[in-house]
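Protein chains get the first letters and strands the later ones, always in sequence-line order, with residue 1 at the start of each.
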Amino acid sequence: MTESPLQSPFLIEATARGFVFQCTDLAALDAAMQAGPVTGYIGFDPTADSLHVGSALQIMLLRLMQKHGHRPIALMGGGTAKIGDPSFRDDARSLMTDEMIAHNLRGIEASLRQFITFGDGPSDAVLANNGDWLDKLSYIDLLREVGVHFSVSRMLSFDSVRQRLDREQGLTFLEFNYCILQSFDFRELNRRYGARLQMGGSDQWGNIVSGIDLVRRTDQTQVFGLTAPLLTTSSGAKMGKSAKGAVWLSAGKLPVFEYWQFWRNTEDADVGRFLKLFTDLPVEECDRLAALEGASINEAKKVLATEATALCHGREAAEEAAETARRTFEQGATIAAALPSRDFPATELAEGAPMFRLLVAAGLAGSNGEARRLVRGGGARLNDVVVSDENRVVTEADLVDGALKLSSGKKHHVLLRPGA
RNA sequence: GGAGAGAUGCCCGAGAGGCUAAAGGGGGCGGACUGUAAAUCCGCUGGCGUACGCCUACGUUGGUUCGAAUCCAACUCUCUCCA
């Protein structure tokens with residue numbers, strides 16, 4: 001890549017913040033974006049009723065477009081979701097019903113609205129669903145009209161395909177068609193909304209390029225592709241997984257406090273990168289924070305956590321999470337009202353309940369056995385005191401301010417309240 | 001349609017009649033060290049019971065055995081090569 005200086009504010013900032021991995025024609029895209037607003041899109045699969053942080057990067061990219069006056073489109077894969085994701089085999093329920101998809105779309109839309117503004121204005125975002133055109137597609141028409149433009153040998157050369165074949169994993173025809181459908185989407189969005197740019201993770205490169213080719217061949221229009229780096233942490237782990245599983249964007253699936261904690265626990269080496277990608281702070285400020293050394297980089301992590309959380313859940317909720325964390329971790333953890341809490345039958349407490357049972361009731365252990373092991377391993381605490389006897393009987397006498405504070409390790413705390 | 005190979009716990013992957021709830025690794029959880037980080041080290045990692053124990057588990061269903069993840073049969077699915 002040559003060092004041709006970029007002109008358009010969007011590309012300049014996207015590059016500076018580390019969003020750009022590859023681009024089909026950076027110079028031409030830059031010129032187009034200089035000339036006027038460009039409509040660009042990213043696809044999201046409605047395989048769950050919430051997106052997770054893995055998608056946050058793409059959302060931020062859309063957000064950045066909007067910031068610079070371009071028009072972002074969030075394309076929901078309502079149509080493609082119906083074939084199910086073929087990479088999950090042995091899964092009979094991979095075929096999603098219309099209701100499931102509709103439900104998922106609603107959940108995802110809610111998250112997207114936190115980050116970008118939808119509407120009818122020139123740079124207002126558009127929410128599209130490829131089910132609108134894919135559902136009524138005729139197979140024969142598709143073959144005649146689109147199929148002729150695809151070269152099988154070309155598709156076979158794609159890394160994504162090649163790897164699968166090399167690993168002897170096989171590839172169904174269905175899966176093979178993703179590329180075609182995605183290309184079709186691009187053309188459709190170009191025709192309907194004038195979309196000239198498709199963005200996505202670097203694993204989407206092949207599909208994006210195919211779409212560009214299709215649009216050029218059938219509509220003689222030049223469109224662009226831009227991919228973002230595939231995110232991993234510095235230690236090589238995939239982004240988006242945390243202790244409890246996926247890091248969801250919707251508060252219903254992951255408490256705001258946990259979301260904040262996810263960012264708070266970022267590895268040192270990732271702080272600068274993440275600040276640039278997942279917050280709106282100026283690049284210089286990100287660099288300054290990331291340059292903090294030793295323990296003081298914790299301050300940068302708190303900023304990252306609060307800023308990233310504010311984007312997803314609102315400023316107020318983010319501050320609240322920050323405050324909860326401060327009290328819990330920095331003030332030796334008295335009972336903070338904002339800790340997750342659960343109800344527990346008061347009658348059991350009246351009779352006295354063994355520690356291991358309470359851990360299960362609190363959701364800190366998945367089974368009695370797991371709870372026992374947790375105690376044996378020295379990781380269980382009641383009201384901040386380590387409990388070493390798994391059968392330790394807990395009664396009303398142990399209540400502090402009307403609740404029991406149970407902990408698994410240092411980071412997971414739950415308030416158990418006696419109730420109905 | 002034909003010929004081979006395979007299906008093991010969250011994932012990968014050993015096991016080839018009893019000592020196997022099943023090696024090893026990854027992941028996860030807990031502990032130590034720290035800075036709510038990383039790296040490192042240690043412990044745990046199917047369910048139920050305080051426990052000798054019981055139950056569930058090696059694709060599915062039957063069978064052979066005192067005894068099967070391991071042998072046999074059929075079936076299902078996956079992969080490879082040929083047509």
Check against side-chain contact (heavy atoms from CB on, under 4.5 Å), A:Glu320 and A:Trp260: CA-CA 10 Å; A:Glu320 208 172 288; A:Trp260 191 93; over 6 Å; no
Check against salt bridge (charged side-chain N to carboxylate O under 4.0 Å, His left out), A:Glu370 and A:Arg373: CA-CA 5 Å; A:Glu370 192 181 319; A:Arg373 277 179 244 128; 5.4 Å; no
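Remark: the backbone N or O of A:Gly200 is not paired with any side-chain donor or acceptor of A:Thr227 at under 3.5 angstrom. The closest donor-acceptor contact from the side chain of A:Asn129 to the backbone of A:Gly78 lies under 3.5 Å. A:Ser55 contributes no side-chain N or O that, together with a main-chain N or O of A:Leu51, makes up a donor-acceptor pair within less than 3.5 Å.
Residues A:Gln182 and A:Gln198 have side chains that bring a donor and an acceptor to within less than 3.5 angstrom of each other. A:Thr117 and A:Asp124 share no side-chain donor-acceptor pair at under 3.5 Å. A donor-acceptor contact closer than 3.5 angstrom is absent between the side chains of A:Gln114 and A:His313. Side-chain contact of A:Asn130 with A:Asp185: a donor-acceptor pair under 3.5 Å is present, judged by distance alone.
Distances were taken from every side-chain heavy atom of A:Ser367 (C-beta onward) to each of B:G35, B:U36, B:G47; the shortest belongs to B:G47. The side chain of A:Glu267 has B:A38 as its nearest neighbour among B:C44, B:A38, B:U36.
To the nearest angstrom, P of B:A38 lies 15 Å from CZ of A:Arg273. Rounded to an integer number of Å, the gap from A:Arg327 CZ to B:U36 P is 18 Å. A straight line from CH2 of A:Trp263 to C1' of B:G35 spans 20 Å, rounded to a whole angstrom. The CZ-P distance, from A:Arg373 to B:C44, rounds to 11 Å in whole Å.
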Please list each protein N or O that sits under 3.5 Å from an N or O in nucleotides 81-83 of chain B, with the distance.
none

For nucleotides 30-32 of chain B, print each protein N/O atom paired with a nucleotide N/O atom at under 3.5 Å, atom names and distance only.
unit_1: B:G30; atom_1: OP1; unit_2: A:Ser408; atom_2: O; d: 3.4
unit_1: B:G30; atom_1: O2'; unit_2: A:Gly377; atom_2: O; d: 3.1
unit_1: B:G30; atom_1: O2'; unit_2: A:Gly379; atom_2: N; d: 3.4
unit_1: B:A32; atom_1: OP2; unit_2: A:Lys410; atom_2: NZ; d: 3.2

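Note that CG of A:Leu304 and CG of A:Asn298 are 11.5 Å apart. Values are rounded to the nearest 0.5 Å.
B:A68 and B:A22 have their C1' atoms separated by 13 Å, given to the nearest Å. Here, B:G30 and B:A69 have their P atoms 34 Å apart, quoted to the whole Å. Spacing between B:C79 and B:G26 at atom C1', rounded to whole Å, works out to 24 Å. Between B:G59 and B:G49, the distance separating the two P atoms is 29 Å to the nearest Å. The gap from the C1' atom of B:C12 to that of B:G17 amounts to 27 Å, rounded to the nearest Å. Only the P atoms considered, B:A23 is 13 Å distant from B:C44, to the nearest whole Å. Taking atom P in both B:G13 and B:G18, the straight-line distance is 24 Å, to the nearest Å. For the P atoms, the distance from B:G46 to B:U20 is 15 Å, rounded to whole Å.
A:Glu307 places a side-chain heavy atom less than 4.5 Å from the side chain of A:Leu281. Looking at A:Lys67 and A:Leu64, their side chains come closer than 4.5 Å, going by heavy atoms from C-beta outward. A heavy-atom distance below 4.5 Å is found between the side chains of A:Leu112 and A:Phe118. Using a 4.5 Å heavy-atom cutoff, the side chains of A:Gln66 and A:Arg63 are not in contact. At least one side-chain heavy atom of A:Ser183 sits under 4.5 Å from a side-chain heavy atom of A:Phe150.
The stretch residues 288-303 of chain A touches RNA chain B through A:Gly294, A:Ala295, A:Ile297, A:Asn298, A:Lys301, each having a heavy atom within less than 4.0 Å of the strand.
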Intra- and inter-strand pairs of RNA chain B in dot-bracket (Watson-Crick or G-U wobble, both distances under 3.5 Å; | for another strand): ((((((((.[[[..)..(.....]]]((((((.......))))))(((....)))...[[[[[..)....]]]]]))))))).
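At the heavy-atom level, A:Ala365 lies nowhere under 4.0 Å from the strands shown. A:Arg264 comes within 4.0 angstrom of a nucleotide base, judged by non-hydrogen atoms across all strands.
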Contacts under 3.5 angstrom, residues 345-356 of chain A side chains, donor-acceptor by atom type, not counting sequence neighbours:
none

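Ring planes of A:Tyr41 and A:Phe186: perpendicular class, angle over 60° (limits at 30 and 60°).
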Heavy-atom protein contacts under 4.0 Å, nucleotides 50-58 of chain B, coded B base, S sugar-phosphate only, - none: SS-------
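Contact annotation: A:Asn368 side-chain N/O to B:G49 OP1/OP2 distance is under 4.0 Å.
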